[in-house]
There are 2 protein chains.
Amino acid sequence: MAQSWQDIHKEALRRIHSREWAPDTLIPNEADLAEEFGCSRATVNRALRALAEAGWLERRRKAGTRVARAPQRRAQLAIPLLREEIEARGQRFAHRILSRSRSKMPSPLRAALGLSDDAPVERVQTLYLADGHPFALEDRWVHLSAAPGFETAELEKTSPNEWLVQHAPFSHGTLDYSAAPAGDFEAEQLGCAPGTALLCMQRSTFGPGDHAATLVTTHFAPNHRVRLEI
Amino acid sequence: MAQSWQDIHKEALRRIHSREWAPDTLIPNEADLAEEFGCSRATVNRALRALAEAGWLERRRKAGTRVARAPQRRAQLAIPLLREEIEARGQRFAHRILSRSRSKMPSPLRAALGLSDDAPVERVQTLYLADGHPFALEDRWVHLSAAPGFETAELEKTSPNEWLVQHAPFSHGTLDYSAAPAGDFEAEQLGCAPGTALLCMQRSTFGPGDHAATLVTTHFAPNHRVRLEI
DNA sequence: TAGTGGTCTAGACCACGGC
DNA sequence: CCGTGGTCTAGACCACTAG
């Protein structure tokens, strides 16, 4: 037989595509498949687990493994550093700190992050440039106790984006994309007309233990696209 | 000892966060870690492989395992059926076929999909409604040989979105998000002013063997958000 | 409570790719 | 070459949960 888990993965995917294994129906259990393919159960497990992680199968102990009713695929987005995204286009990266302050964080934002009222927070607004043209406008709130040393970081040398990735790796968070018309400030900084449709990204990250770390709102220059791989 | 792979996963993540294992440096090999944790190498492998898939580690044969320089995390988007997305909000789902035709596909679009000029293509425009209010406007091109039976499908009963997911599972593709001002048609259908900033999703899917399957452009009603989990 | 997937082990061989 | 991760095995025990 000499089956590798990738062979089994491929064959299982073929059966799903061909509806030989129909949506919402049980497939044979691991032991039976191991016998059919002439390999050990661990090998079958490896293949089926990969398919389950990709959303093709749903597995539950005792209940068995079934083909997902609507194979709800997942798309993956590799979150790039702005520097890398710009340099990957063959453009020159630069950034400009527009403002930096220890201002009070508005209550709604605090609530969204689950921060107490007296948590020390720093706000930094940054413009990112590609070949000297505005690329993205970033408005970042950083919870200082989650990023020790940030308040003294030389952000003119290392952009906030890069500093935080290198010094305060986060563990989880959310990323929201939406469309928003450019306000006067965004229009001025990004060099477009007020009201222009801009892609807007809002990202909140949390460190280990659900401690809020950062809240970032980024407006991209007009016509920006985000690509996800399915 | 009694270590599970998740224990090792957690401990390794702790060492990465604490910079005990610094970015861009090698960590001990699997055999050594297995001895340290008092478990088998396979268990260590399971933990480190998960960390590599999540972007924390980079592994190469012979070269060993190193902490990623900039732990480039990946965000995951669960692509929902519009029906499920709407019903999950507790709203009533409905859809309306606006047009359906076997019109010629514009050359630029054909090129984007890698289709020959004579490939049979059907175009369907659909409006999706939540509680009777416009939710999304979809413009879909379907490559008929990749979706046999689509031309005779009763799309008034089963929306194109659902029909294709159930009858022609795709294997891979891309998803692009951007912001676009509402044109006259989008504004009329979605019930907003022309020029309103709309979130726009463009999705191309391919079946097994890189055969083009569908190209879909969706404009969402104003203020729509897409959430990704990190 | 019995069946299923989840996991661990100890050992083995292999593929890749620095050196 | 030869160290490293990638994978497979045969068997075992465990955790969850449907019936």
Side-chain angles (χ1 to χ4, degrees), chain A residues 1-16 20-69 71-72 74 76, chain B residues 1-16 20-69 71-72 74 76:
Chain A
M1 295 295 183
Q3 300 284 356
S4 74
W5 74 267
Q6 310 199 29
D7 292 332
I8 298 175
H9 183 277
K10 226 180 294 180
E11 169 62 12
L13 206 48
R14 188 194 66 75
R15 294 187 186 180
I16 294 171
E20 193 171 329
W21 286 349
D24 208 25
T25 61
L26 285 176
I27 72 173
N29 67 30
E30 293 189 349
D32 290 346
L33 288 173
E35 190 178 0
E36 175 190 343
F37 290 118
C39 64
S40 74
R41 188 166 77 87
T43 305
V44 173
N45 180 283
R46 180 82 161 85
L48 298 191
R49 184 159 42 81
L51 287 168
E53 282 169 5
W56 291 105
L57 298 176
E58 290 169 3
R59 320 193 72 196
R60 274 155 64 201
R61 284 161 155 140
K62 167 72 179 178
T65 300
R66 64 178 59 244
V67 179
R69 193 179 54 76
Q72 171 168 312
R74 299 183 179 83
Q76 277 215 336
Chain B
M1 293 294 183
Q3 300 284 356
S4 73
W5 74 267
Q6 310 202 25
D7 292 331
I8 297 175
H9 182 279
K10 227 180 292 181
E11 169 61 11
L13 206 48
R14 189 195 63 75
R15 293 185 186 181
I16 294 170
E20 193 171 329
W21 286 349
D24 209 24
T25 62
L26 285 174
I27 72 173
N29 66 32
E30 292 187 349
D32 290 347
L33 287 173
E35 190 179 359
E36 175 191 342
F37 290 118
C39 65
S40 74
R41 188 165 78 88
T43 306
V44 173
N45 180 281
R46 180 83 161 86
L48 297 192
R49 184 159 42 81
L51 288 169
E53 282 169 4
W56 291 105
L57 297 176
E58 290 169 3
R59 321 194 72 196
R60 277 155 62 202
R61 286 163 154 135
K62 167 71 179 177
T65 300
R66 67 178 59 245
V67 178
R69 193 178 53 77
Q72 170 170 310
R74 298 181 182 84
Q76 278 213 336

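These figures come from a predicted structure and were not determined experimentally.
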Participant: Output the distance between atom CH2 (B/Trp21) and atom CD (B/Glu11), rounded to the nearest 0.5 Å.
Facilitator: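 One gets 7.0 Å once the value is rounded to the nearest 0.5 Å.
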
Participant: Please evaluate residues B/Ile16 and B/Leu57 with respect to the criterion side-chain contact (heavy atoms from CB on, under 4.5 Å), reporting the C-alpha separation (whole Å), side-chain torsions for both, the decisive distance (0.1 Å), and the verdict.
Facilitator: CA-CA 9 Å; B/Ile16 294 170; B/Leu57 297 176; 3.9 Å; yes

Participant: Could you check whether atom CZ of B/Arg15 has more than 12 heavy atoms from other residues, nucleotides or ligands sitting under 6.0 Å from it?
Facilitator: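 Yes.
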
Participant: Considering all heavy atoms of both residues, which atom of A/Asp32 and which atom of A/Asn29 are nearest to each other, and what is their separation?
Facilitator: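 Where A/Asp32 meets A/Asn29 most closely, the heavy atoms are N-OD1, 2.9 Å.
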
Participant: Identify, residue by residue, the members of residues 20-31 of chain A with a heavy atom below 4.0 Å from DNA chain D, and return them in order of residue number, or none.
Facilitator: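 Nucleic-acid contacts, sorted: none.
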
Participant: Tell me, which of residues 58-68 of chain A have any heavy atom that sits under 4.0 Å from an atom in DNA chain D?
Facilitator: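 By residue number: A/Arg60, A/Arg61, A/Lys62, A/Ala63.
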
Participant: Once Watson-Crick and G-U wobble pairs under 3.5 Å are found, how is DNA chain C written in dot-bracket notation, 5' to 3', with | for any base paired to another strand?
Facilitator: ||||||||||||||||||.

Participant: Identify the two heavy atoms, one from B/Thr43 and one from B/Cys39, that lie closest to each other, and give their separation to 0.1 Å.
Facilitator: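 Closest heavy-atom pair between B/Thr43 and B/Cys39: CB-SG, 3.9 Å.
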
Participant: Hey, can you pull the residues of residues 40-47 of chain B with a non-hydrogen atom under 4.0 angstrom from DNA chain C?
Facilitator: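 Only B/Ser40, B/Arg41, B/Ala42, B/Thr43, B/Arg46 qualify.
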
Participant: Charged N to carboxylate O below 4.0 Å: is that the case for B/Glu20 and B/Arg14?
Facilitator: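 So B/Glu20 pairs with B/Arg14 through a salt bridge.
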
Participant: Taking the basic N atoms (NZ, or NE/NH1/NH2) and the acidic carboxylate oxygens, is any pair closer than 4.0 Å for B/Arg49 and A/Glu53?
Facilitator: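 No.
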
Participant: With B/His9 as reference, evaluate B/Val44, B/Leu48, B/Leu51 under the side-chain contact (heavy atoms from CB on, under 4.5 Å) test and give the passing residue.
Facilitator: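 The option that passes is B/Leu51.
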
Participant: List the atom of B/Ala47, the atom of B/Ile8, and the distance in Å for their closest heavy-atom pair.
Facilitator: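 Of all heavy-atom pairs spanning B/Ala47 and B/Ile8, the closest is CB-CG2, 3.7 Å.
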
Participant: What are the 5'-most and 3'-most nucleotides of DNA chain D lying under 4.0 Å from any heavy atom of chain B?
Facilitator: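 Going 5' to 3' along DNA chain D, contacts run D/dG3 to D/dT7.
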
Participant: Working to the nearest 0.5 angstrom, can you tell me the gap between A/Gln76 CD and B/Arg74 CZ?
Facilitator: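 These two atoms lie 6.0 Å from each other.
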
Participant: Report, one line per pair, each donor and acceptor closer than 3.5 Å where one atom sits in a side chain of residues 62-69 of chain B; sequence neighbours left out.
Facilitator:
from: B/Thr65; atom 1: OG1; to: B/Arg59; atom 2: NE; distance (Å): 3.0
from: B/Thr65; atom 1: OG1; to: B/Arg59; atom 2: NH2; distance (Å): 3.3
from: B/Arg66; atom 1: NH1; to: B/Asp24; atom 2: O; distance (Å): 2.9
from: B/Arg69; atom 1: NH2; to: A/Glu84; atom 2: OE2; distance (Å): 3.1

Participant: Would you give the length of the straight line joining atom NZ of A/Lys10 to atom OG of A/Ser4, rounded to the nearest 0.5 angstrom?
Facilitator: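 A/Lys10 atom NZ to A/Ser4 atom OG measures 7.5 Å (nearest 0.5 Å).
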
